Amino acid sequence: MPVSSAAPAPHASARRWTVLAVVSLAQLMVVLDGSVVNIALPDAQADLGTSDVARQWIVTAYGLAFGGLLLVGGRFSDRFGRRRMFLVGLIGFAVASGLGGLAADTTMLIVARALQGVFAALLAPAVLSVLTLTFPGGRDRATAFGVFSAVAAGGGAVGLLLGGMLTEWVSWRWTLLVNVVIAIPVAVAARAVVPRHEVGEDKPRIDLVGAVLATGGLVALVYGFTSAELDGWTAPLTLGLFAAAVLLMVAFVVLESRVRHPLLPLRVVADRNRGGAYLATGLAIMAMFGQFLLLTYYFQLVLGYTPIQAGLAFIPLTGSLVVGSTQIGARLVTRVAPRYVMAAGYLVAALGFATFLLLGTDSSYWAVLPGSMMLGLGTGTAGVAATSLGTSAVAAEDAGVASAMLNTSQQLGGAIGTALLATVAASVTAGSTVGDPLEATMQGYLVAFGVAAGLMVGAAALAMVLVDARPERHTMDAEPSATLAH
C-alpha cells in the first residue's frame with residue numbers, strides 16, 4: 001500500500017538528517033567507484049603487467065555486474081528489507097574493494113571489481129529507497145533530494161580528482177582501499193540511525209525467470225555499448241549483443257505483464273512522471289558521463305594537464321552541481337512544476353556544452369570554466385526534480401524497484417554515453433583531413449560536444465512532453481510511521 005503519512009516527532013525529524021548524511025556517503029562511495037579507478041588504470045596496468053584487453057575488463061566488470069543486477073537488487077530490497085540490504089551491500093562492497101586494493105594479479109583485480117558491482121547493485125537501490133521512505137514529501141524532501149542529487153551527479157567529478165591525488169601521492173591501490181575507510185564508519189552509523197522499513201506480511205516474491213531475463217538483457221546491452229566503443233558499431237559481437245538485449249528485454253516485458261509477482265511491476269514505469277524522469281535522466285547522464293571522459297582527455301592529451309590538474313579542473317563543475325542541487329533545484333521544486341525545472345536545467349546544461357564548441361588546442365582553462373559551471377548548475381537543478389519524480393507516488397512495496405529503475409537509467413545512460421561520445425570523437429578524428437593530429441583530435445571532441453548538447457536538449461523535450469506533475473508544496477513533512485520499525 002502507499003506510504004502512510006504522520007507528523008514526525010522532533011527526535012525522529014532530527015534523526016532523518018543523520019540518515020541523509022549516512023545514505024549520501026554510501027551513495028558517494030558507489031558513484032566514486034565509477035570514475036576514481038579510471039585515472040589509476042595506467043599505474044595498475046604497469047604494476048600488475050596487465051594487457052590492454054584485460055585492462056578494459058577492470059572497468060567493464062564493474063559496469064556489467066552493477067548495471068545488470070540493479071533490478072534484482074531493487075526487488076531484494078523490497079523483499080528482505082531496505083536496512084538489511086543497505087548493510088549487506090555496504091559491507092560487501094567494502095570487502096570487495098579491499099580485495100581489489102590487495103590484488104596480486106590482474107585476474108584477482110577483475111574478480112574484485114565484478115564483486116564490487118554485485119554489491120553496488122544491492123546497495124544503490126537500498127540507499128535511494130531508504131531516502132524515499134524517510135522523506136516522503138514536502139520541503140524537507142526537496143532539500144534531501146537536492147543533497148542526494150548533488151552527490152549522485154558530482155561524485156564522478158570528485159572521483160577524478162580523488163583518483164588523481166591517490167594515484168600520484170600514494171598508490172593506485174588506494175583508489176580501491178579508500179572505500180574500506182569510508183564504509184566502516186558509515187556501517188556503524190547506519191546500524192544506529194537507519195530504520196528498518198517493514199514491507200508487511202505479504203512480502204513480494206522474487207521472480208527468478210524475470211531476474212534471469214532482466215539481468216541477461218541489461219548485461220548484453222551494457223556489454224554491447226562497451227564492444228561498440230572498442231570494436232565499432234557494426235562489429236559482429238556488437239550487433240549480436242544488441243540483438244540479444246532486445247530479445248531478452250522484450251521477453252522480460254511480456255513475462256512481467258503476466259506473472260503474479262513481477263520483478264518489475266509495469267505500473268512503476270507506466271506512470272508518465274516516473275517514466276519521463278527515467279528517460280530524461282538517461283539522456284542527461286549520457287551527455288554528462290561522456291563529457292567527463294572527453295574533458296579528461298582534453299585536459300590531459302590536448303592541454304597537457306597532469307592527472308591531479310585534470311581533477312582540480314573539475315572542481316568548479318562539482319561546486320556548481322552542489323549549488324544547483326541544494327540551493328536552486330531544492331527551492332524551485334516546491335514552487336515550480338517539475339517539468340519546467342527539469343527543462344530549464346537541461347537547457348542551461350546544453351548551453352554549457354555549446355560553449356565548448358569554441359574551444360581549441362591552445363585554449364586556456366578560462367575558456368572551459370563558463371561551460372563547466374553551466375553544466376553543473378543546469379544538471380544539478382534538473383536532477384533534484386528528476387530524482388524526486390523517479391521515486392514519487394510509489395507504493396512502499398515497490399520503493400526498492402522504483403529506486404533501482406532510476407539507478408538503471410543512470411547506469412545505462414553512463415555506459416551508452418561514454419561509448420557513444422567516445423566513438424563519435426574517434427570516428428571524426430579518423431576521418432579528418434587536417435594534417436595536424438592534435439587538431440584532428442580536437443575536431444572529434446568538438447563534434448562529440450555538439451552531440452552532448454543535443455542529448456541535453458532531448459532530455460528537456462522529454463520532460464516537457466511527458467512530465468505533468470505539480471510542484472511539491474510546503475506541506476508538513478511526514479515520516480512513514482506505519483512502515484518504520486526501529
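This one's a predicted model, so the numbers in the text were calculated from it and none came from an experiment.
Counting all heavy atoms, side chain and backbone alike, Val457 lies closest to Ala350 at CG2-CB, 3.9 Å. Closest approach of Pro370 to Ala367, counting heavy atoms only: CD-O, 3.8 Å. Scanning both residues, Ala459 and Ala284, for their nearest heavy atoms gives CB-N, 4.2 Å. Across all their heavy atoms, Ala65 and Ala114 have their closest contact at CB-O, 3.4 Å. Among all heavy-atom pairs drawn from Thr281 and Ser409, the shortest one is CG2-OG, 3.8 Å. Contact record, Val336 with Tyr340: CG1-CB, 3.8 Å, taken as the closest heavy-atom pair.
Residue Thr106 holds its OG1 atom at 6.0 Å from CD1 of Ile58, rounded to the nearest 0.5 Å. Annotation: the span from Tyr297 atom OH to Thr441 atom OG1 amounts to 11.5 Å, rounded to 0.5 Å. Atom CD of Gln116 sits about 9.0 Å away from atom CE of Met29, to the nearest 0.5 Å. With values rounded to the nearest 0.5 angstrom, Trp233 atom CH2 is found 5.5 Å from Thr423 atom OG1. In this structure, the separation between CZ on Phe76 and CG on Leu122 is 7.0 Å, given to the nearest 0.5 Å. The CG atom of Leu389 sits 11.0 Å away from atom CG of Leu466, with the distance rounded to the nearest 0.5 Å.
Not a single donor-acceptor pair under 3.5 Å links the side chain of Tyr445 to the backbone N or O of Ala425. Side-chain atoms of Ser320 come within 3.5 Å of backbone N or O of Pro316 as a donor-acceptor pair. Between the side chain of Arg274 and the main chain of Arg267, a donor-acceptor pair closer than 3.5 Å is present. Of the possible polar contacts, one joining the Arg331 side chain to the Gln327 backbone as a donor-acceptor pair under 3.5 Å is found. Remark: the backbone N or O of Ser97 is not paired with any side-chain donor or acceptor of Asn179 at under 3.5 angstrom.
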key: Worked check of side chain to side chain contact (heavy atoms under 4.5 Å, CB included) between Thr238 and Thr234   = CA-CA 7 Å; Thr238 303; Thr234 59; over 6 Å; no

task = Kindly determine whether Phe93 and Leu90 satisfy side chain to side chain contact (heavy atoms under 4.5 Å, CB included), including the steps that lead there.
result = CA-CA 5 Å; Phe93 192 88; Leu90 182 67; 5.8 Å; no

ask   = Run the side chain to side chain contact (heavy atoms under 4.5 Å, CB included) check on Arg173 and Asp47 step by step: do they pass?
value = CA-CA 10 Å; Arg173 295 180 181 277; Asp47 187 20; 3.5 Å; yes

ask   = Passes side chain to side chain contact (heavy atoms under 4.5 Å, CB included), Gln291 versus Thr379? Steps please.
value = CA-CA 12 Å; Gln291 167 265 149; Thr379 54; over 6 Å; no

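By the 4.5 Å heavy-atom criterion applied to side chains, Val30 and Phe66 are counted as neighbours. Considering only heavy atoms from C-beta on, Leu213 comes within 4.5 Å of Leu248 through its side chain. Within the 4.5 Å cutoff, the side chain of Tyr365 has no heavy atoms near those of the Leu312 side chain. Looking only at side-chain heavy atoms (C-beta outward), Phe299 and Phe314 come within less than 4.5 Å of each other. Val348 is not listed as a side-chain neighbour of Thr381, based on a closest heavy-atom distance of 4.5 Å or more. In this structure, Pro471 and Arg335 have side chains that are not in contact, with every pair of non-hydrogen atoms separated by 4.5 Å or more. When side chains are defined from C-beta on, Asp105 counts as touching Met108, because their heavy atoms get closer than 4.5 Å. Between Trp172 and Leu166 the shortest side-chain heavy-atom distance does not fall below 4.5 Å.
Among the candidates Val384, Thr387, Thr143, the single residue satisfying the side chain to side chain contact (heavy atoms under 4.5 Å, CB included) test with Ser325 is Val384.
Relative ring orientation between Phe356 and Phe353 is described as perpendicular, the plane-to-plane angle rising above 60° on a 0-90° scale split at 30° and 60°.
Counted within 6.0 Å of OH on Tyr305, heavy atoms from surrounding residues, nucleotides or ligands total more than 12; the atom is thus considered enclosed.
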